[in-house]
Number of protein chains: 2
Amino acid sequence: MKIKAGGASVSLLDVAREAGVSRATASLVLRDSPLVAAATREKVREAMMRLGYIYNRGAANLRQKRTGTIGLVLSNIANPFFSALTAGVEQANDLSGSVCFIANSGESPERQARQIQRLREHNVDGLIVCPAIGSDNRLFEEIDRLGLPFVQVLREIPDTTRDYVTVDYAAGIDAALSHLRASGRKRVVYIGDMDVHSAARARLSGYERACAHLNLTPMPAIAGTRDSQYDEAAFDRLLDSTSPPDSAICYNDIIALAVMTHLRRRGLEAGRDFSVIGMDDIPAAGAAYPTLTTIATMPTRIGFAAARLLEKRIARPTRRVEQEVIAPEFVLRHSA
Amino acid sequence: MKIKAGGASVSLLDVAREAGVSRATASLVLRDSPLVAAATREKVREAMMRLGYIYNRGAANLRQKRTGTIGLVLSNIANPFFSALTAGVEQANDLSGSVCFIANSGESPERQARQIQRLREHNVDGLIVCPAIGSDNRLFEEIDRLGLPFVQVLREIPDTTRDYVTVDYAAGIDAALSHLRASGRKRVVYIGDMDVHSAARARLSGYERACAHLNLTPMPAIAGTRDSQYDEAAFDRLLDSTSPPDSAICYNDIIALAVMTHLRRRGLEAGRDFSVIGMDDIPAAGAAYPTLTTIATMPTRIGFAAARLLEKRIARPTRRVEQEVIAPEFVLRHSA
DNA sequence: CTGTTAGCGCTTTCAA
DNA sequence: TTGAAAGCGCTAACAG
């Protein structure tokens with residue numbers, strides 16, 4: 001048994017020599033080709049073991065179109081919602097045998113462009129992106145001009161039609177408002193209005209349509225910010241007005257939890273005196289007191305679906321564009 | 001302006017031809033070599049722009065030792081703690097210009113081995129691993145036999161000395177117990193004892209040593225499981241005993257939150273009737289009611305440190321092994 | 001300062 | 001069923 005000196009890696013040629021065959025034959029063994037005789041295959045396999053051979057995909061990629069890598073570009077990895085999404089992508093990848101680069105744009109379009117560029121240099125087979133707030137179309141247009149398979153998640157860039165995974169927010173909000181109405185609430189306010197991306201707009205318009213449809217009078221929405229704060233003063237004014245709300249549906253769980261805390265400061269108990277419903281079902285929602293009723297937006301499932309969609313696109317680049325819509329689940333707990 | 005047909009990517013040779021120079025010169029421009037004349041550089045740069053050239057690192061990597069990629073193998077990406085850690089790694093990588101593969105072992109040593117194998121095939125420059133429970137030494141021995149730079153985080157494999165980032169749990173627990181004693185608690189129980197990995201053992205022994213050192217009588221620990229459950233029946237028996245505990249320090253925040261919920265069921269209010277302290281400071285801790293006092297284990301900082309350590313190891317493979325210990329922070333809220 | 005040449009480790013015709 | 005030869009896109013060593 002000979003081992004190459006200096007940690008230099010053993011190549012297919014080494015294996016071939018060791019097994020007494022040509023490089024081409026060894027290559028066929030590598031890829032389980034039926035063309036090679038069982039005995040030869042065995043010899044080669046043994047040589048690989050003996051030398052501790054590691055397949056060099058980098059080299060193989062030079063000759064093939066696919067690299068078996070994809071890129072996942074998120075607007076904020078630290079957010080538990082996105083980590084669940086990542087887990088979903090990872091799960092699908094583990095099944096398909098590809099491996100995933102992760103990148104964090106931190107809501108910066110510049111950083112996002114840099115990351116995507118870097119991923120392209122690494123020859124990823126495709127990209128899953130949750131676009132940073134303020135992303136412009138040009139980058140994405142370039143991506144599909146180049147024919148790089150690409151799936152958008154959650155947020156849609158305007159004037160764009162491509163593979164896309166999103167959540168049927170309207171359905172979730174409809175379920176939530178139905179529940180509120182059934183439990184006697186009549187004045188539901190929406191907290192966390194912001195016009196930053198399609199998901200935020202979809203949530204608000206889901207509320208508006210549900211109100212119309214359930215015969216509830218919509219109230220003016222309370223503004224929110226992209227870092228999950230909301231206009232507490234405006235909320236206070238509304239609570240002190242002559243016709244205060246009796247319940248709230250919030251842009252996300254983080255805002256909902258803040259609202260509950262604020263209500264407590266005002267001596268109101270969420271669930272009894274005022275109903276609060278969040279969105280996303282982050283781990284903190286189940287741990288809060290009272291536990292937060294919320295609309296679960298199924299991040300793991302979103303990630304899994306996006307990875308599958310990307311795989312399909314990579315396999316057939318010209319297939320028609322597909323939009324997958326994940327059904328949310330209404331999670332009834334104690335805050336509403 | 002000519003564009004290659006069929007989405008075939010433009011190579012450095014195309015650029016060189018377009019600019020009227022040789023491939024080698026173009027390559028130098030690519031890497032900002034001072035050897036090339038300003039005018040030539042400009043010509044080449046323009047040609048790159050014109051053709052929409054994308055640097056192919058895969059090809060470059062065939063000639064160089066480094067690929068500018070690292071692998072991050074975690075035991076559970078969906079856990080918010082690890083997503084914060086990932087964000088830290090990403091941050092360091094963004095600075096150093098490398099890019100990060102992410103893999104999830106899901107606490108399965110087999111899956112972990114498969115993922116690491118896959119990453120090696122992609123020629124990663126190094127690996128950051130939080131070993132799955134039950135990992136055996138062989139895989140890791142092989143990794144450093146091959147001289148693949150490698151940093152362990154949080155959990156230590158027995159009989160091993162290599163680059164390692166961990167948290168000074170003992171110091172955090174000491175601060176927590178000091179606080180409990182100062183606020184009049186005398187009987188502190190440890191909840192979540194499990195002998196699964198070094199971090200779990202370090203947390204329990206931190207409790208034992210702090211008790212000794214602060215003159216508190218240690219109580220028999222309540223058992224926990226790796227999926228963050230604990231032996232509630234045993235806890236009940238202890239509460240009903242003749243000498244019940246007046247406070248608890250828990251293996252992690254998840255267990256601590258469950259303990260608070262259980263106390264409430266028994267009519268006890270955390271913070272007033274019984275003190276509860278968690279560990280890690282996950283987002284849910286701040287959102288709980290009462291808000292959870294905890295020992296923040298700084299996951300982002302851990303990830304950042306690990307990435308830096310790995311970078312140093314990659315740069316100088318023979319440097320002496322380094323262990324970095326992150327200082328935790330005691331976060332005083334309302335549960336204790 | 002720029003060009004020539006020789007590979008990196010693999011896959012892929014094509015021929016034997 | 002196996003082998004020889006060419007080449008993927010780049011960098012490194014050397015010569016000019």
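Proteins get letters first, then strands, A, B, ... in listed order; numbering begins at 1 in each.
- One atom, CG of A:Leu62, and another, P of D:dT11, lie 12 Å apart when rounded to the nearest Å.
- Distance B:His122 NE2 to C:dG9 C1': 15 Å, rounded to the nearest Å.
- Here B:Phe140 pairs with B:Phe150 under the ring-ring contact (aromatic ring centres under 6.0 Å, His included) rule; sequence neighbours left out.
- Just one of A:Ile128, A:Asp163, A:Val321 meets the side chain to side chain contact (heavy atoms under 4.5 Å, CB included) condition when paired with A:Leu309; it is A:Asp163.
- One finds a salt bridge joining B:Arg120 and B:Glu142 here, because a Lys/Arg side-chain nitrogen approaches an Asp/Glu carboxylate oxygen to under 4.0 Å.
- Residue A:Met48 contributes atom CE, which lies 15 Å from atom P of C:dG9 at whole-angstrom precision.
- Between the CG atom of B:Leu12 and the C1' atom of D:dG9 there is a distance of 8 Å, rounded to whole Å.
- Distance B:Gln64 CD to D:dA12 C1': 10 Å, rounded to the nearest Å.
- Under the rule for a side-chain hydrogen bond (donor to acceptor under 3.5 Å, both in side chains), A:Asn104 has no partner lying at least two apart in sequence or in another chain.
- The pair B:Lys312-B:Glu322 meets the salt-bridge criterion, since a charged nitrogen lies less than 4.0 angstrom from a carboxylate oxygen.
- Without hydrogens or angle criteria, A:Thr300 side chain to A:Leu85 main chain gives no donor-acceptor distance under 3.5 Å.
- Across the interface with DNA chain C, nearest-nucleotide mapping of B:Thr25 and A:Arg63 shows B:Thr25 to be the residue nearer the 5′ end.
- Of the side-chain N and O atoms in A:Ser27, one or more sit less than 4.0 angstrom from OP1 or OP2 of C:dT11.
- For A:Arg301, the side-chain contact (heavy atoms from CB on, under 4.5 Å) partners two or more places apart in sequence, or in a different chain, are A:Met298, A:Ile326, A:Glu329.
- The side chain of A:Asn56 has C:dC10 as its nearest neighbour among C:dT12, C:dC10, D:dC10.
- Side-chain atoms of A:Tyr55 lie closest to C:dC10 of the nucleotides C:dG9, C:dC10, D:dG3.
- More than 12 non-hydrogen atoms from other residues, nucleotides or ligands lie less than 6.0 angstrom from CZ of B:Arg319.
- In this structure, B:Arg23 places its CZ atom 11 Å from C1' of D:dG7, rounding to the nearest Å.
- At a non-hydrogen distance threshold of 4.0 Å, nothing from residues 32-41 of chain B comes into contact with DNA chain D.
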Validation: residues 92-99 of chain A side-chain donor-acceptor distances under 3.5 Å, sequence neighbours left out:
from    : atom 1 : to       : atom 2 : distance (Å)
A:Asn93 : OD1    : A:Ser98  : OG     : 3.3
A:Asp94 : OD1    : B:Arg114 : NH2    : 3.3
A:Asp94 : OD1    : B:Arg118 : NH2    : 3.3
A:Asp94 : OD2    : B:Arg111 : NE     : 3.2
A:Asp94 : OD2    : B:Arg114 : NH2    : 2.7
A:Ser96 : OG     : A:Asn93  : O      : 3.3
A:Ser96 : OG     : A:Ser98  : OG     : 3.0

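- Between the CD atom of A:Glu42 and the C1' atom of D:dT1 there is a distance of 17 Å, rounded to whole Å.
- The side chain of A:Val21 sits closest to D:dG3 out of D:dT11, D:dG3, C:dG9.
- Atom NZ of A:Lys65 is separated from atom C1' of C:dC10 by 12 Å (rounded to the nearest Å).
- The nucleotide whose nearest atom lies closest to any side-chain atom of B:Arg31 is, among D:dG9, D:dA12, C:dC10, D:dA12.
- At its two ends the helix from C:dC1-D:dG16 to C:dA16-D:dT1 runs along axes set 30° apart, each axis drawn from five pairs and the angle rounded to 10°.
- Phosphate contact (OP1/OP2 of D:dT2, side-chain N/O of A:Ser22, threshold under 4.0 Å): absent.
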